[in-house]
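Keep in mind it's a predicted model, so treat the numbers as computed, not measured. Order of listing sets the numbers, starting from 1, for every ligand and every atom in it.
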Amino acid sequence: MKLLVTGGAGFIGTNFIKYWLEKYPADDIVNFDKLTYAGNLENLKDVEDNPHYKFIKGDVVDPDDVRIAIQEVDTIVHFAAESHVDRSILSPAAFIKSNVLGTQVLLDAAIENKIKRFHHISTDEVFGSLNLDSKSKFDENTPYDPHSPYSASKAGSDHLVRAYFHTYGLPITISNCSNNFGPYHFPEKLIPLAITNLLEGKKIPVYGDGKYVRDWLYVDDHCRAIDLILNKGVIGETYLIGGMTDGISNLSIIELICGIMSKDFDRSIESVKDRPGHDRRYSVDWSKIKKDLGWQPAHDFKQWLQKTIEWYTNNQTWWRRVKSGEYQEYYQKQYADRK
Ligand code: NAD
Ligand code: TYD
């Protein structure tokens, strides 16, 4: 395959590129990324000399940038997006531009270039929120009900991708995945923020009562699922991808992290004002991708949480550099008035 990976310098894109080049060394990858605050080429230092890998800096919103990047590829894996809910609440405009408009520009280019597969990476957050006291899960038939500017922008992009399949016959697939964790995760998100704050001797900010639930999945399992969809997925289909954590709350995750890092839980957390429109619970029924493509999560949550903590402990230069500069400004804006 000749792949165009958009957003390849971000968390999941980086992990995906490394996964793919190792598993399919004869395939070619063009990594197309705007290098926003979340994009970091340092992540890909170990592959930058690989003749099958090329980086092109550009914006998915700009048709001229996209036209250059899309030459000579047959497959698109579209990760590029603004991805953090809290930032979308502070300033939604960039989310609409990159996630909605950017996807439309890329879809048009895909048609023009007769791309064989457009795989769109999306999130379970498009389905809204589940009740804490129910056992319900999202599946492929759950109606869309996004609550944040981030999830609304991702929902918009999903609808556009589906519309291009129905209207123009573009060969698309979509996956909606639950929360990922693992190496290169930007330390604005809960798990890397908690680990790095503890390593810096800072407290972990807990939104509201901390009883919010996400369906955590190790990032490599997400990459394996995308691999299966690209190789065996049915054109026009959507696949939900989820984890094995089944109901674990933010507080329980922080408690686990504190335990692994030998920190006192009560002294390591601080309660902060809740996120507006905060979704209570996410949970994914991944039986379709299991039945149709044979996928299931392979990485145990606690074991890989420990390995992730080891990664952040051993890669302090990486996250300390990331946490300097723009991050400081964001952290101040996001957390200063919330105690
Ligand atoms: P990230 O924020 O770590 O990385 C996003 C990357 O996209 C960055 O490298 C950034 O520079 C690039 N980018 C942003 N706007 C761009 C633009 N206009 N043009 C070109 N590049 C641009 O995000 P992530 O966590 O790796 O998420 C990747 C994708 O996966 C997103 O589409 C996200 O919605 C989806 N997703 C993420 C999760 C998760 O838990 N992180 C779960 C499900 C789905
Ligand atoms: P996050 O990692 O931002 O992912 P998402 O909101 O996209 O699921 O947040 C995961 C959960 O952790 C969510 O319920 C919000 C909560 N949270 C905190 O309690 N404190 C924090 O500082 C952050 C960033 C998140």
Side-chain angles (χ1 to χ4, degrees), residues 5-16 31-41 43-44 56-62 65-66 69 77-89 94-95 97-99 101-103 105-106 120-126 129 147-148 150-151 153-154 157-158 175-182 184-194 197 203-217 219 222 226 240-243 249-251 253-254 269-275 277-282 284 322 331 334-335 338:
V5 175
T6 70
F11 161 48
I12 308 176
T14 289
N15 281 283
F16 178 77
N31 173 12
F32 177 66
D33 198 297
K34 185 181 173 182
L35 300 181
T36 67
Y37 77 92
N40 187 351
L41 284 183
N43 304 357
L44 292 151
I56 297 179
K57 185 172 191 283
D59 189 336
V60 281
V61 174
D62 184 334
D65 286 358
V66 170
V77 186
H78 180 33
F79 292 97
E82 291 291 338
S83 70
H84 190 36
V85 173
D86 293 322
R87 287 187 191 250
S88 82
I89 296 167
F95 287 72
K97 276 190 204 132
S98 288
N99 302 1
L101 187 59
T103 300
V105 169
L106 202 60
H120 180 59
I121 305 293
S122 192
T123 165
D124 61 352
E125 303 193 21
V126 298
S129 182
H147 294 158
S148 71
Y150 163 65
S151 53
S153 69
K154 291 299 289 186
S157 66
D158 291 12
S175 52
N176 296 84
C177 189
S178 62
N179 288 61
N180 288 210
F181 70 101
Y184 305 104
H185 201 181
F186 198 87
E188 64 189 353
K189 310 276 169 56
L190 179 67
I191 289 181
L193 184 138
N197 272 19
K203 288 184 189 280
I204 302 165
V206 177
Y207 294 169
D209 63 9
K211 291 180 183 161
Y212 295 87
V213 168
R214 300 293 183 259
D215 194 357
W216 295 94
L217 180 73
V219 62
H222 189 183
I226 300 165
L240 263 56
I241 307 166
S249 70
N250 294 342
L251 278 178
I253 287 179
I254 294 169
I269 57 170
E270 62 181 343
S271 201
V272 300
K273 211 161 93 194
D274 211 348
R275 172 189 281 173
H278 198 168
D279 288 337
R280 206 36 152 166
R281 182 172 73 90
Y282 302 144
V284 170
V322 164
Y331 201 87
Q334 172 64 17
Y335 295 102
R338 298 181 71 150

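Of all atoms in ligand 1, listed by their number and element, those nearer than 4.0 Å to a heavy atom of S83 are 1 (P), 2 (O), 23 (O). Annotation for ligand 1: atoms under 4.0 Å from non-hydrogen atoms of C177 are 42 (C), 43 (C). Close approach to L35 involves these atoms of ligand 1, each under 4.0 Å from a residue heavy atom: 11 (O). Of all atoms in ligand 1, listed by their number and element, those nearer than 4.0 Å to a heavy atom of D59 are 17 (C), 18 (N), 19 (N). Set against the non-hydrogen atoms of S98, the atoms of ligand 1 under 4.0 Å away are 15 (N), 17 (C), 18 (N). For ligand 1 and Y150, the ligand atoms under 4.0 Å from any heavy atom of the residue are 33 (C), 34 (O). The atoms of ligand 1 that sit less than 4.0 Å from any heavy atom of A81 are 5 (C), 7 (O), 14 (C), 31 (C), 32 (O). Each of the following atoms of ligand 1 lies closer than 4.0 Å to a heavy atom of G58: 19 (N), 20 (C).
In K154, the part holding a heavy atom less than 4.0 Å from any atom of ligand 1 is the side chain. Of all the heavy atoms of I191, none lies under 4.0 Å from any atom of ligand 2, so neither backbone nor side chain is involved. Residue contacts with ligand 1 for F11 involve both N, CA, C or O and side-chain atoms from C-beta outward (heavy atoms, distance under 4.0 Å).
Note that R281 lies outside the cation-pi zone of Y212, set by a 6.0 Å cut-off to the ring centre and a 45° limit from the axis.
Checked against a 3.5 angstrom limit, the closest N/O atoms of F32 and ligand 1 fall outside it. Where the criterion is an N or O separation shorter than 3.5 Å, residue side chain and backbone included, D86 fails it with respect to ligand 2.
Put simply, part of F79 is less than 4.0 Å from ligand 1, judged by heavy atoms. Contact annotation: S178 has at least one heavy atom less than 4.0 Å from an atom of ligand 1. Between N179 and ligand 1 there is a heavy-atom distance shorter than 4.0 Å. Not a single heavy atom of G8 sits less than 4.0 Å from an atom of ligand 1.
The protein heavy-atom contact nearest to atom 2 (O) of ligand 2 is L190 N, 2.9 Å.
Relative ring orientation between F11 and H185 is described as parallel, the plane-to-plane angle staying below 30° on a 0-90° scale split at 30° and 60°.
Around NZ of K189, the count of heavy atoms belonging to other residues, nucleotides or ligands within 6.0 Å exceeds 12.
Side-chain atoms of N179 do not come within 3.5 Å of backbone N or O of R214 as any donor-acceptor pair. When atom types are taken as modelled, the side chain of N197 and the backbone of K203 share a donor-acceptor pair closer than 3.5 angstrom.
Nearest to atom 17 (N) of ligand 2 by heavy atom, out of Y212, F186, Y207, Y331, is Y207.
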